[in-house]
> 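Here it is: the structure, laid out below.
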Amino acid sequence: MTSPRKKSVKPQEALAAVDLETCPFLTLAVGGEEAPFCATVRHLLLGSTVYFYLDKENPLCSLLLNRPKVCLCGAGFTKATASCDLPETQSALAFGEVEPVEKAEEHRQALFGIHSRHAVPENKQEAWMFSRSENRLVFKVKIDHMASN
């Protein structure tokens, strides 16, 4: 999969990794049967791997298993400007292939990390995570390349 960025702009992968980590949510994009499909996901970035989960009933799960090439996009506001212009933004794109997490310990750690960064109170994380974990599929994307602007 190639990045739609201009060839004259070199991807700044270190900056992209920071942007992916600090963005509260990512948009996952995959080629669908009739049209591209996008969904917002809660995520965890560990090294060059992004973890996220979906409910098992989500039709995106089967689509991801059949079409593993994906793009993840994170965006957020960094600061307001003094003028009436739009605020400055941060954004990053990551490209890679998705696969389900099959190891139980990796599955548990990914869910725990995702819930930790999304403000589930620490004393309720284990109970919250395990009460719903059987209904969730955890996926990981090994990032091939990233770009930031």
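Keep in mind that the numbers below use all heavy atoms, side chains included, and drop hydrogens, waters and symmetry copies.
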> What's the verdict on side-chain contact (heavy atoms from CB on, under 4.5 Å) for F52 and V141, showing C-alpha distance, side-chain angles and the deciding distance?
CA-CA 9 Å; F52 64 93; V141 177; 3.8 Å; yes
> Just jot down the side-chain contact (heavy atoms from CB on, under 4.5 Å) partners of E34, sequence neighbours excluded, or say none.
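Residues passing side-chain contact (heavy atoms from CB on, under 4.5 Å) with E34: none at all.
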> For a side chain to side chain donor-acceptor pair (under 3.5 Å) check, start with the C-alpha distance between E106 and Y51, then their side-chain angles and the critical distance, and finish with the verdict.
CA-CA 10 Å; E106 184 181 15; Y51 292 89; 2.7 Å; yes
> For the atom pair OH (Y53) and CG (L44), what is the distance rounded to the nearest 0.5 Å?
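With rounding to 0.5 Å, OH (Y53) is 12.0 Å from CG (L44).
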> Taking only residues two or more places apart in sequence, or in another chain, which ones meet E97 in a salt bridge (Lys or Arg N to Asp or Glu O under 4.0 Å)?
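Expected list: none.
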> With rounding to the nearest 0.5 angstrom, report the CG to CD1 distance, L72 to I143.
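The CD1 atom of I143 is 7.0 Å from CG of L72, to the nearest 0.5 Å.
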> For a quick test of reading the model, state the closest non-hydrogen atom pair linking A29 to C38 and the distance between them.
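Nearest heavy atoms, A29 then C38: CB-SG, 3.8 Å.
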> Any chance you could measure H145, atom NE2, to S48, atom OG, to the nearest 0.5 Å?
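The NE2 atom of H145 sits 13.5 Å away from the OG atom of S48.
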> Using the test side-chain contact (heavy atoms from CB on, under 4.5 Å), find all partners of E99 that sit at least two apart in sequence or belong to another chain.
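side-chain contact (heavy atoms from CB on, under 4.5 Å) list for E99, sorted by chain: K140, K142.
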> Measure the spacing between CZ of F95 and CE of M146 and express it to the nearest 0.5 Å.
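Those atoms lie 11.0 Å apart.
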> Can you tell which of L60, T27, V50, L54 makes a side chain to side chain contact (heavy atoms under 4.5 Å, CB included) with V41?
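Answer after filtering L60, T27, V50, L54: L54.
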> Hey, does L64 have a side-chain heavy atom less than 4.5 Å from the side chain of L137?
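With C-beta onward as the side chain, the pair stays apart.
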> So which heavy atom on G74 is nearest to which on L26, and how close?
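Reported closest heavy-atom pair: CA-CD2, 3.5 Å.
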> Nearest 0.5 Å, please: how far is CG in N58 from CG in L63?
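Separation between the atoms: 9.5 Å.
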> List the atom of I114, the atom of H43, and the distance in Å for their closest heavy-atom pair.
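Smallest heavy-atom distance, with atoms named: CG1-C, 3.9 Å.
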> Can you tell me how far apart CZ (F139) and NE2 (H107) are? Round to the nearest 0.5 Å.
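One gets 9.5 Å once the value is rounded to the nearest 0.5 Å.
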> Under a 3.5 Å distance rule, please check whether D55 uses its side chain to pair with a backbone N or O of E57 as donor and acceptor.
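No; judged by distance alone, with no hydrogens or angles, the pair does not exist.
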